[in-house]
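Note that this is a predicted model, so its numbers are computed, not measured. Chain naming here is simple, since letters A, B, ... match the order of the sequence lines and numbering starts at 1 in each.
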Amino acid sequence: MKLSNYLIATLKEAPSDAETTSHQLMVRAGMIRKIAAGVYNFLPTGLRVFRKVENIIREEMDKAGAIEVMMPFVTPADLWNKSGRGEIYGKELLRFKDRADRDFCLGPTHEEVVTDMVDREVKSYKNLPITIYQIQPKFRDEIRPRFGVMRAREFTMKDAYSFDINEAGAEKSYINMFNAYKSIFDRCGLTYKAVEADSGNIGGSFSHEFMVLAETGEDLVLSCDKCDFAANVETTSIKENTSTVTGGTDLISANEISTPKMTSVDDIANFLKVSSGDIVKTLVLESDDDLIAVLIRGDHDLSLTKLKKFLSVNFLDFASEEVLKKRNIVKGFCGPIDLDIKIYSDNAIKLMTNFITGSNKLDFHSQGVNHDRDFPVESFGDFREAVDGDLCPCDDCVGTLSSTRGIEVGHVFKLGTKYSESMNATFADQDGKEKNYYMGCYGIGVGRVVAAAVEQNNDENGIRFPIALAPFQIVIISTDKKEGESLLKAREVYDFLLNLSYDVAIDDRNENPGVKFKDAELLGIPLQLRIGPKSLAKGLVEFKNRLSGEIIEIDKDNLELIKEKIDELLR
RNA sequence: CGGGGUGUGGCGCAGUUGGUAGCGCACCUGUUUUGGGAACAGGGGGUCGGAGGUUCGAGCCCUCUCACCCCGACCA
């Protein structure tokens, strides 16, 4: 590529709406531009990187035996009604009507479409197992898109779906994809971790997320210091430390204390000079049909994900103020005593006696509260979020957990028969009977992989792309903008490398050398070949390595040696 | 959705008590430069997000609206 005839849209300053490093750098490098909230243009250099990721994914999927198709971005709402997921997906699903008033939506994922497709085309167990994939845009009307293409509303995803005749087959397909994912992220040069995860809206029984480790990640990953356990905080189960009994063995009687205007755990802890762990907070939530209360230790956080799973409900969220008012629940002073809704209690509370809670009266709390004696508990369970220092949940493991932030770039799920049942998708098995497919689904966010790579690889000069992802692997920089020996030599080497199919660009723009160096570094091109009067006078050209900063000089006329050096440096 | 904030040239910003819009970068022309985002001179580009209103006069005041950004269980 001749950069004199290309679009290098670099900026000195990032727009003020770019917060994270990757967002700022991708905009400054001229890779992306926003055209609406969560909707982006990919400019030429951005697209080149995007394609490299896409190609790696495609190659590895093909190698793993997955079959590429393309399903529509616009899908009929009917399919979503069929699976019953239209309601659950809610506002994230962007719906609209066509001219004949028929309902459509922009596909946020394609389980419905692919299940329908396979059901139409595959009739017999003889055609199974099969794994279908596509690389295609998706649209999710996120509440809050952010961080550039990291969490965009329109984004490109590689989504794959496996169909098997039974559970064991599904397991094999899952492992096959899991391994393909490892190859993909290895080839992308990312530092990542595969962790146990929640399956969220997609549903299903079991899943892993592939997390790129980075400070700005939106997810929290907990890993064990003794074994190889690692999981998203959303799903990490907790082994409570049974030695931390608090409150003493003699039960004291409950009494109310005046706590004017003290609505937070911290207020109460400061006022009573106790630690927040001595306090129990009573959280009131709305679920599918009714309100429920959850007791959580003052210094812990509720995990909505875990509680939702425990209750097996579709909807669960904190009760609104209106609802609380209607039920005469006093915000800020809620407690379990005389509360006429079901009370669930976190396991950490089981060991506590004589604790402090709200008293359901404005400006009053209760101390010396004990469960069972003072209020009934519907059920104890593991409802809180794990934190640094919690025990590893694995059997027989004595390790403790520590947390790191991560960017979820890939997710693999076992779906079982969830969709094949709801959509009545079947094949004829060996015994001639119709059976539901055992499915799995597997996603990778292509743009997010690019952003994650930038987030993980940068310095004060810009992006330090892994060689496999860089927009170009080599840029030949003529440091003299006049038509002359430097430019001629640069063109000669460029033609030579281009003929050998190297991923090479020539910076023949009418710019000062400093501009070209800065752009090459901002864009993260791993190798610069600098050709200018200074070194040519000595009969040399020079390489600069973006990653090591090292500069090497080489005989200007020995093209073979130049080629060898490139091969060596790109290895 | 709730709360907060911001909209002025491509990007980053300034704009006083209301008096008719400016700076840096970028862009164009010329000259000089030429190894780390060059210098000088000249130049182009703005319905001040939009609509309505107040006023002799609105970027500035008022009303509505749109867009974008940030925060949002922490308590119950």
Side-chain angles (χ1 to χ4, degrees), chain A residues 8-20 23-24 27-28 30 33-39 90-91 141 143-148 262-269 276 279-286 291-305 307 316-325 327-336 339 341 343 357-362 365 383-385 387 460-462 477-482 484 486-487 509-522 528 530-537 542 544 549 551:
Chain A
I8 297 291
T10 51
L11 300 172
K12 281 189 191 172
E13 286 179 283
S16 54
D17 64 7
E19 281 228 312
T20 51
H23 187 188
Q24 288 172 351
V27 174
R28 279 194 53 212
R33 292 287 188 261
K34 183 174 70 186
I35 69 162
V39 181
K91 286 189 175 167
D141 202 354
I143 304 172
R144 202 139 90 78
R146 58 184 138 179
F147 306 152
M262 296 176 203
T263 56
S264 75
V265 167
D266 285 347
D267 292 343
I268 300 296
S276 54
I279 298 169
V280 168
K281 51 189 179 187
T282 308
L283 310 172
V284 178
L285 302 114
E286 287 178 73
L291 292 186
I292 59 153
V294 192
L295 303 187
I296 299 285
R297 208 170 81 188
D299 57 339
H300 286 157
D301 287 335
L302 169 66
S303 165
L304 270 174
T305 316
L307 182 59
L316 188 68
D317 205 352
F318 289 87
S320 66
E321 274 192 53
E322 292 157 53
V323 172
L324 292 179
K325 233 173 236 169
R327 298 284 290 260
N328 286 320
I329 293 169
V330 192
K331 187 178 159 73
F333 299 92
C334 186
L339 195 64
I341 55 180
I343 296 171
T357 68
S359 67
N360 291 322
K361 248 189 251 175
L362 186 65
H365 277 74
F383 306 136
R384 70 173 176 96
E385 273 191 355
V387 292
E460 65 281 4
N461 293 316
I477 295 176
S478 164
T479 62
D480 186 353
K481 52 188 177 186
K482 282 193 298 280
S486 303
L487 209 44
R509 291 178 298 167
N510 188 21
E511 294 285 357
N512 284 331
V515 174
K516 298 182 181 181
F517 298 156
K518 289 284 185 192
D519 278 349
E521 270 154 33
L522 179 57
Q528 294 173 23
R530 300 172 167 186
I531 300 177
K534 214 166 110 186
S535 49
L536 284 182
E542 60 190 50
K544 175 155 186 196
I551 292 180

| Want to settle it: does A/Ser264 or A/Pro513 sit nearer the 5' end of RNA chain B, counting the closest nucleotide to each? | A/Pro513
| task | When you get a sec, tell me which of B/rU34, B/rC71, B/rG36 is the closest nucleotide to the side chain of A/Arg530? | result | B/rG36
| task | Report which part of the nucleic acid A/Asp519 touches: base, sugar-phosphate, or nothing (heavy-atom distance under 4.0 Å, all strands). | result | base
| request: Tell me which nucleotide among B/rG12, B/rG72, B/rG35 gets nearest to the side chain of A/Ser16. | output: B/rG12
| request: Could you tell me the separation between the CE atom of A/Met262 and the P atom of B/rC74, rounded to a whole number of Å? | output: 19 Å
| query | How long is the span from the OG atom in A/Ser276 to the CD1 atom in A/Ile268, to the nearest 0.5 Å? | reply | 12.0 Å
| said: What's A/Glu521 touching, base or sugar-phosphate or nothing? Going by heavy atoms closer than 4.0 Å. | reply: base
| task | Give one of base, sugar-phosphate or nothing for A/Arg28, where a contact means two heavy atoms less than 4.0 Å apart. | result | base
| said: Tell me the interatomic distance from A/Asp480, atom CG, to B/rG35, atom P, rounded to whole angstroms. | reply: 9 Å
| remark: Whole-Å distance, A/Asn510 CG to B/rG37 P, equals 17 Å
| task | Figure out the CD1/C1' separation between A/Ile268 and B/rC74, and round it to whole Å. | result | 14 Å
| message | Taking any heavy-atom pair under 4.0 Å as a contact, classify A/Asn512: base, sugar-phosphate, or nothing. | response | base
| remark: Any strand, both distances under 3.5 Å, Watson-Crick or G-U wobble: B/rU6 pairs with B/rA67
| query | Quantified in whole Å, what is the P atom distance between nucleotide B/rG19 and nucleotide B/rG15? | reply | 13 Å
| Quiz item: A/Lys518 side-chain donor-acceptor pair to B/rG35 base, under 3.5 Å | no
| query | Is the phosphate of B/rG37, meaning OP1 or OP2, less than 4.0 Å from a side-chain N or O of A/Thr10? | reply | no
| request: Quickly work out the A/Ile8 CD1 to B/rC27 P distance and round it to whole Å. | output: 14 Å
| field | Nearest-angstrom distance from the residue atom CG of A/Leu11 to C1' of B/rC11 | value | 6 Å
| field | Nucleotide nearest A/Phe517 when distance is taken to its side chain, options B/rG36, B/rC68, B/rG72 | value | B/rG36
| Distance below 4.0 Å between A/Lys12 side-chain N/O and B/rA26 OP1 or OP2 | yes
| message | Please give the distance between the C1' atoms of B/rG22 and B/rA14 as a whole number of Å. | response | 7 Å
| task | Can you tell me, in whole Å, how much space there is between the P of B/rA21 and that of B/rC25? | result | 23 Å
| query | B/rG5 and B/rG10: how far apart are their C1' atoms, nearest whole angstrom? | reply | 24 Å
| remark: Closest non-hydrogen atoms of A/Val284 and A/Cys334, given as atom of the first, atom of the second and distance, are CG2-SG, 3.7 Å
| How far does the P atom of B/rA58 sit from the matching atom of B/rU54, given to the nearest Å? | 11 Å
| said: Pairing check on B/rC1: which nucleotide meets the Watson-Crick or G-U wobble criteria with it, both distances under 3.5 Å? | reply: B/rG72
| message | So A/Ile296, base contact, sugar-phosphate only, or nothing? Heavy-atom distance under 4.0 Å. | response | nothing
| request: Take the protein atom CG of A/Asp17 and the nucleotide atom P of B/rG49, then report the distance between them rounded to whole Å. | output: 17 Å
| request: Pick base, sugar-phosphate or nothing for A/Lys481, based on heavy-atom distances below 4.0 Å to the nucleic acid. | output: base
| query | Using atom C1' of each nucleotide, how far apart are B/rC68 and B/rU17 to the nearest Å? | reply | 31 Å
| message | Regarding A/Gly532, tell me which of base, sugar-phosphate or nothing describes its non-hydrogen contacts under 4.0 Å with the strands shown. | response | base
| query | Do the side chains of A/Lys482 and A/Leu487 get nearer than 4.5 Å, heavy atoms only? | reply | no
| RNA chain B: 5'-proximal contact among A/Glu542 and A/Phe333 (nearest heavy atom) | A/Glu542
| So what's B/rG52 paired with, Watson-Crick or G-U wobble, going by both distances under 3.5 Å? | B/rC62
| message | To the closest 0.5 Å, what do you measure between CG (A/Leu283) and CG (A/Leu302)? | response | 5.5 Å
| query | Just checking A/Val515: base, sugar-phosphate only, or nothing, at a heavy-atom cut-off of under 4.0 Å? | reply | base
| task | Please work out if A/Ile329 contacts a base, only the sugar-phosphate, or nothing of the nucleic acid, heavy-atom cut-off 4.0 Å. | result | nothing
| query | OP1 or OP2 of B/rC70 less than 4.0 angstrom from a side-chain nitrogen or oxygen of A/Arg146, does that happen here? | reply | no
| said: Within this structure, what is the NZ-CG distance for the pair A/Lys481 and A/Asn510, rounded to the nearest 0.5 Å? | reply: 5.0 Å
| When we call it a touch if two heavy atoms are under 4.0 Å apart, what does A/Ala293 touch: a base, just sugar-phosphate, or nothing? | nothing
| task | Under 4.0 Å between any heavy atoms, over every strand shown, what does A/Leu522 touch: base, sugar-phosphate, or nothing? Just pick one. | result | base
| Between B/rU34 and A/Lys534, is there an OP1 or OP2 to side-chain N/O distance shorter than 4.0 Å? | no
| query | Does any nucleotide pair with B/rC13 by Watson-Crick or G-U wobble geometry, both distances under 3.5 Å, and what is it? | reply | B/rG22
| note | Pairing partner of B/rU31, by Watson-Crick or G-U wobble and under 3.5 Å for both distances, is B/rA39
| query | Would you call A/Lys544 and A/Glu521 a salt bridge, using N to O less than 4.0 angstrom? | reply | yes
| Inter-nucleotide P distance (B/rG9, B/rC48), Å rounded | 10 Å
| Take atom CD1 in A/Ile143; do more than 12 heavy atoms of anything else shown fall under 6.0 Å from it? | no
| On a whole-Å scale, what distance lies between the C1' atoms belonging to B/rG57 and B/rC70? | 37 Å
| remark: Interatomic distance, CD1@A/Ile8 vs CG@A/Leu522, rounded to 0.5 Å, equals 9.5 Å
| query | Tell me: CZ of A/Arg144 to P of B/rG3, nearest whole Å? | reply | 15 Å
| Taking side chain as C-beta onward, heavy atoms only, is A/Glu19 less than 4.5 Å from A/Arg146? | no
